[in-house]
Participant: 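First the structure, which I've put down as structure tokens, then a few questions once you've had a look.
What you see is a predicted model; the values in this text were computed from it and never measured.
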Amino acid sequence: MRYFLLIFVLCAVVVVAVAGKRGSISRRPPIEVFPDMDRQPKLRPQTPNNFFADGKSSRLPIAGTIAWDDHYQDTPLNTGRVSGTTNFVEVLPVEVSSKLLARGQQRFNINCSPCHGAQGEGNGVTKKLGMSVVANLHDKRIVELPDGEIFNTITYGKGLMGSYAANVTVEDRWAIISYLRALQLSRLGSIDDVPDQLRATLKK
Ligand code: HEC
């Protein structure tokens with residue numbers, strides 16, 4: 001019984017000593033069992049530091065960095081939509097040139113042809129590896145999509161197709177779309193597109 005009392009009093013003292021101080025303010029540093037990364041050797045932004053030649057602790061954003069503000073988001077070039085609405089633009093908002101098409105062809109072959117195939121038929125190399133539902137970009141439905149909707153698909157992905165925003169810049173997305181339209185047009189020609197004097201030379 002005597003030992004019990006002794007231990008009981010000791011426990012009470014320990015509990016009061018440890019828990020009783022909680023919430024009170026002290027100038028002395030607390031005993032830290034788990035420091036939880038409270039203190040880290042790091043540089044705060046906007047403070048001087050002589051590690052870099054220009055004496056600043058922060059680095060400037062890389063050239064070409066664009067502020068993510070409303071203006072940036074809401075232009076047809078960036079969203080594929082008519083400003084202030086959710087409607088997709090029918091026609092791409094950049095000027096089409098042979099340079100743009102050539103760039104689009106190169107980017108399409110790198111980023112899209114592995115799945116959609118070099119001709120856009122949906123029979124890229126991934127088909128052999130078991131990806132069987134890749135869209136044929138010559139489907140009437142896809143030919144009829146507004147340019148802005150295709151931009152949206154490249155940016156955010158659609159269904160089983162993931163986003164290519166990280167791989168393809170905004171300008172290159174439009175270049176790819178211009179090239180894709182040329183690919184589609186190459187399948188939509190009719191005899192009427194052939195000049196009269198050349199028709200005879202066509203193989204039947
Ligand atoms: C990893 C494979 C893969 C790559 C790479 C890929 N796609 Fe796709 N894409 C798909 C699949 C799969 C679908 C069908 C998605 C669905 O309907 O679920 C699709 C669908 C589409 C569609 C039809 C969307 C619709 O409205 O139904 C378009 C347009 C398209 N892709 C364009 C592109 C372009 C342009 C690129 C290159 C920037 C690209 N894709 C790269 C797999 C891919």
Side-chain angles (χ1 to χ4, degrees), residues 35-120 122 124-126 129 131 133-135 137 142-185:
D36 286 339
M37 297 172 78
D38 280 344
R39 277 162 302 285
Q40 303 161 28
K42 68 180 176 200
L43 297 175
R44 291 185 188 280
Q46 315 287 348
T47 52
N49 184 273
N50 56 17
F51 181 79
F52 294 106
D54 63 3
K56 295 176 189 158
S57 61
S58 347
R59 302 294 79 211
L60 293 173
I62 56 169
T65 304
I66 299 167
W68 184 257
D69 58 19
D70 288 340
H71 173 73
Y72 170 67
Q73 289 187 39
D74 199 19
T75 62
L77 183 83
N78 291 318
T79 62
R81 294 172 199 263
V82 179
S83 301
T85 73
T86 53
N87 302 335
F88 291 116
V89 291
E90 277 304 322
V91 179
L92 68 175
V94 294
E95 201 185 317
V96 179
S97 62
S98 53
K99 204 171 147 223
L100 189 82
L101 280 167
R103 174 78 183 168
Q105 177 176 35
Q106 190 213 29
R107 295 290 111 182
F108 180 93
N109 287 342
I110 292 170
N111 293 289
C112 318
S113 72
C115 294
H116 290 287
Q119 301 291 319
V125 68
T126 53
L129 303 172
M131 201 180 208
V133 289
V134 180
L137 300 179
I142 295 176
V143 171
E144 287 172 357
L145 289 178
D147 288 350
E149 189 163 351
I150 297 182
F151 178 89
N152 197 68
T153 296
I154 303 177
T155 308
Y156 297 107
K158 173 147 186 183
L160 284 172
M161 178 179 148
S163 159
Y164 280 79
N167 313 50
V168 184
T169 65
V170 167
E171 286 74 17
D172 283 346
R173 285 172 224 166
W174 294 114
I176 287 175
I177 291 165
S178 73
Y179 176 68
L180 173 59
R181 291 313 194 195
L183 267 186
Q184 290 172 335
L185 190 63

Participant: Quick check: do R44 and T47 have side-chain heavy atoms less than 4.5 Å from each other?
Facilitator: yes
Participant: Would T75 and N78 count as a side-chain hydrogen bond (donor to acceptor under 3.5 Å, both in side chains) if you check the C-alpha gap in whole Å, the side-chain angles of each, and the deciding distance to 0.1 Å?
Facilitator: CA-CA 5 Å; T75 62; N78 291 318; 2.9 Å; yes
Participant: Are any non-hydrogen side-chain atoms of W174 and L77 less than 4.5 angstrom apart?
Facilitator: yes
Participant: What's the spacing between F108 CZ and Q119 CD if we round to 0.5 Å?
Facilitator: 8.5 Å
Participant: Quick one: does any side-chain atom of H116 pair with a main-chain N or O of G124 as donor and acceptor, under 3.5 Å?
Facilitator: no
Participant: Does D38 offer a backbone N or O that forms a donor-acceptor pair with the side chain of D36 under 3.5 Å?
Facilitator: no
Participant: Is it true that the NZ or CZ of R59 lies under 6.0 Å from the centre of F52's six-membered ring and within 45 degrees of the ring axis?
Facilitator: yes
Participant: Taking the side chain as every heavy atom from C-beta outward, state whether S57 and P48 have any atom pair closer than 4.5 Å.
Facilitator: no
Participant: Out of curiosity, Q105 CD to L180 CG, how far, rounded to the nearest 0.5 Å?
Facilitator: 12.5 Å
Participant: Any side-chain to backbone donor/acceptor pair from S58 onto Q46? Under 3.5 Å, distance only.
Facilitator: yes
Participant: When rounded to the nearest 0.5 angstrom, what is the spacing between CZ in R103 and OG in S98?
Facilitator: 14.5 Å
Participant: Do the side chains of L183 and L137 get nearer than 4.5 Å, heavy atoms only?
Facilitator: no
Participant: E149 versus K158: any side-chain heavy-atom pair under 4.5 Å?
Facilitator: yes
Participant: Applying salt bridge (Lys or Arg N to Asp or Glu O under 4.0 Å), name anything that partners R181, two or more places apart in sequence or on another chain.
Facilitator: D147
Participant: Would you mind reporting whether R81 and P76 have side-chain heavy atoms less than 4.5 Å apart?
Facilitator: no
Participant: I want to check something: taking the side chain as every heavy atom from C-beta on, are F88 and V82 in contact at a cut-off of under 4.5 Å?
Facilitator: no
Participant: Report the distance from atom CD of Q106 to atom CG of D172, rounding to the nearest 0.5 Å.
Facilitator: 8.0 Å
Participant: Could you tell me if the side chain of V89 sits less than 4.5 Å from the side chain of T79, heavy atoms only?
Facilitator: no
Participant: Looking at N167, T155, T153, which one forms a side-chain hydrogen bond (donor to acceptor under 3.5 Å, both in side chains) with R173?
Facilitator: T155
Participant: Kindly say whether R107 contributes a backbone atom to a donor-acceptor pair with the side chain of N111 at under 3.5 angstrom?
Facilitator: yes
